[in-house]
Amino acid sequence: MSRSLIVSASGIRGIVGRGLTPDIAARYGAAFATHIAAGAPGRGHVLIGRDSRVSGPVLLDAVAAGVRAAGLDVCDLGIVATPTGLLAVEEDEAAVGGLLVTASHNPAPWNGLKLVAREGRFLSPAAGRDVQRRFEGEIESIEYAGSARMGDRSAREGAGRAHVERILSLPIIDRELIASNAFHVALDCVRGAGGPIMLPLLERLGCRVSGLDLEPDGRFPRPPEPLVENLGKLSECVTEVRADIGFAVDPDVDRLALVDENGRPVGEDWTLALAVELVAAREPAPVVTNLSASRLIQDAADRVGVPLIRTPVAEANVVARMLEVGSSIGGEGNGGVIYGGLHLTRDAPLAAALILQFLAESRSTLGAVVAERASYRIVKRTISREGLGMEESLAAIAAAAPSEAEMDRQDGIRLEWPDGSWIHARPSGTEPIFRIMAEAPGEELAGERADWIDALVRRGV
């Protein structure tokens, strides 16, 4: 398998034309359809959709061909946010699953496929591994249909509008209260799938919107991941138009980053932290997040008196644990908020509504809210996995871990010190890199922690 293609239980992701090609996409679609057909007697349809990437139309056609060749019908939603696609599967009684063509936050040369189960959630790790085995196995592991049994293809509009209506109907969202604040929002959708859903949602909530790159043409004007260092244009917009807040999403619209009224990006972790504080105060239950999420999430859970549970990185792991413990709110520290009152997936439009609800209730600005709470500094590093010995690197970290640091081996290694600082080192599941994250009350200590881990990881080279 090409190093430009990453295959895992959660789907595939690769550089288009090198690792990810139309024939690969078609075979993966057929593998998914074979898996679905084995567990779903009778004939239903698979919902398909894509983000705005330039390679999306060709790969979507290939995926549709693979699913149909395996005997299932497909219904094309067009350009949709990933959470919109998952919600559409959940609410369509005839749907047996979904396939979304997206590489989420990866750079423009990449694309990928995400797998959706009948329940409107990403496939479980076990189910994803079954699809992976079929895809990587002999041709007999995929069951292709004869000419008389091949699936049909149809199209459907309106999935985004239905998603907006569902958010607006949530009891936790007080539309009149939010509208009474007449928020001015600067919105950066990086020319992904966000414009067609974020703009109408915010307008329905009574916001005035100053938009940046709302056109869904996939020609990203900046690195698509909504990290602090990529939000300079949005920060300038906030100050120029005197917006109350800035929202930035990634191309498939499952992550939301925030910029305060002063034009300062506050970091993605604040999105989940404030959502936790809002929801858990009303619906007290354990909060679930991953091992790489900021201490801010722990602080938010402590503030409303609920426990925090950590899982390995990946949305499917967070969702599985949320179901297990009856959690109402969870997510990942990358700006991904999961609220069980709507559906169990990261959802940036939902997160935006929750943040506006929080600010409306608090009668404060984002900058003031952040200033009155404890803050931390996160340092992130990446190392190419080329020639890197994964097990050797993790073993070196474990051997050098100080006795006072609590160790978690669920996903790579996470160490937490009594002062609340921590590090997490793990191989990425979406890119050919090793990720290092360190957080501490001060940037100097966070940097020292990251340097220490970086040196230990490179011992495995």
Side-chain angles (χ1 to χ4, degrees), residues 49-57 77-87 100-108 110-111 114 159-164 167-168 183-205 207-241 243-260 263 265-268 270-271 334-337 345-356 366:
R50 65 180 181 89
D51 68 19
S52 67
R53 290 170 188 265
V54 175
S55 59
L77 301 175
I79 294 179
V80 291
T82 288
T84 301
L86 271 72
L87 187 63
L100 300 174
V101 178
T102 177
S104 190
H105 62 273
N106 282 56
W110 290 70
N111 216 325
K114 291 185 176 182
R161 290 192 298 273
H163 187 181
V164 168
I167 293 172
L168 295 176
F183 290 111
H184 184 183
V185 178
L187 173 66
D188 177 3
C189 291
V190 73
R191 294 181 176 263
I197 185 169
M198 293 293 293
L199 181 59
L201 172 66
L202 294 173
E203 290 178 340
R204 292 283 300 278
L205 288 169
C207 300
R208 180 159 60 100
V209 180
S210 295
L212 295 173
D213 299 309
L214 304 187
E215 304 86 349
D217 61 14
R219 302 185 185 281
F220 307 146
R222 60 164 173 80
E225 192 166 9
L227 302 175
V228 167
E229 56 266 30
N230 297 333
L231 302 183
K233 188 176 177 182
L234 178 60
S235 296
E236 292 176 3
C237 180
V238 169
T239 56
E240 287 175 3
V241 304
D244 298 302
I245 192 169
F247 288 153
V249 297
D250 61 339
D252 74 330
V253 211
D254 59 3
R255 293 167 57 174
L256 178 74
L258 309 176
V259 173
D260 72 13
V266 301
E268 296 171 288
W270 278 104
T271 308
N334 57 15
V337 175
T345 190
R346 294 177 301 173
D347 189 318
L350 166 70
L354 293 175
I355 295 302
L356 292 175
L366 177 61

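- For the side chain to side chain contact (heavy atoms under 4.5 Å, CB included) test with Ile167, the passing option among Leu201, Leu87, Ile197, Leu205 is Leu201; the others fail.
- The side chain to side chain contact (heavy atoms under 4.5 Å, CB included) check on Val241 picks up His184, Ser210, Cys237, Ala243, with sequence neighbours excluded.
- Under the 4.5 Å side-chain criterion, counting only non-hydrogen atoms from C-beta, His105 is not in contact with Pro224.
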Which is it for Arg222 and Leu231 under the side-chain contact (heavy atoms from CB on, under 4.5 Å) test, yes or no, and what are the steps along the way?
CA-CA 8 Å; Arg222 60 164 173 80; Leu231 302 183; 4.2 Å; yes
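- Distance CD1/Ile245 to CG/Asp260: 8.5 Å, rounded to 0.5 Å.
- In this view, Asp250 and Ser104 satisfy the side-chain hydrogen bond (donor to acceptor under 3.5 Å, both in side chains) rule, not counting sequence neighbours.
- Ala159 approaches Leu77 most closely through the heavy-atom pair CB-CD2, 4.3 Å.
- Residues satisfying the side chain to side chain contact (heavy atoms under 4.5 Å, CB included) test with Ala193, not counting sequence neighbours, are Asp51, Ile79, Val253.
- Between Leu350 and Pro83 there is no side-chain heavy-atom pair separated by less than 4.5 Å.
- Atom CG of Asp254 sits about 7.5 Å away from atom OG1 of Thr102, to the nearest 0.5 Å.
- By the side-chain hydrogen bond (donor to acceptor under 3.5 Å, both in side chains) test, Arg204 pairs with Glu165, sequence neighbours left out.
- A heavy-atom distance below 4.5 Å is found between the side chains of Thr271 and Val337.
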Report the C-alpha distance between Asp188 and Phe247 in whole Å, list the side-chain angles of each, state the deciding distance to 0.1 Å, and finish with yes or no for side-chain contact (heavy atoms from CB on, under 4.5 Å).
CA-CA 6 Å; Asp188 177 3; Phe247 288 153; over 6 Å; no
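- Between Ser52 and Phe220 the shortest side-chain heavy-atom distance falls below 4.5 Å.
- Between the CG atom of Leu227 and the CD atom of Glu229 there is a distance of 4.5 Å, given to the nearest 0.5 Å.
- Shown here are the side-chain hydrogen bond (donor to acceptor under 3.5 Å, both in side chains) partners of Asp347, two or more places apart in sequence or in another chain: His163, His343.
- Not counting sequence neighbours, the partners of Thr82 by the side-chain hydrogen bond (donor to acceptor under 3.5 Å, both in side chains) test are Asp252.
- By the side chain to side chain contact (heavy atoms under 4.5 Å, CB included) test, Pro221 pairs with Val190, Arg191, Asp213, sequence neighbours left out.
- Applying the side chain to side chain contact (heavy atoms under 4.5 Å, CB included) test to Leu214 and every residue at least two apart in sequence or in another chain returns Leu187, Cys189, Leu199.
- Closest approach of Thr84 and Gly160 over heavy atoms only: CG2-N, 3.7 Å.
- Here the side chains of Leu212 and Leu234 are in contact, with some heavy-atom distance below 4.5 Å.
- With rounding to the nearest 0.5 angstrom, the CZ atom of Phe183 is 11.0 Å from the CG atom of Leu202.
- For the salt bridge (charged side-chain N to carboxylate O under 4.0 Å, His left out) test, residues two or more places apart in sequence or in another chain that qualify with Arg255 are Glu225, Glu268.
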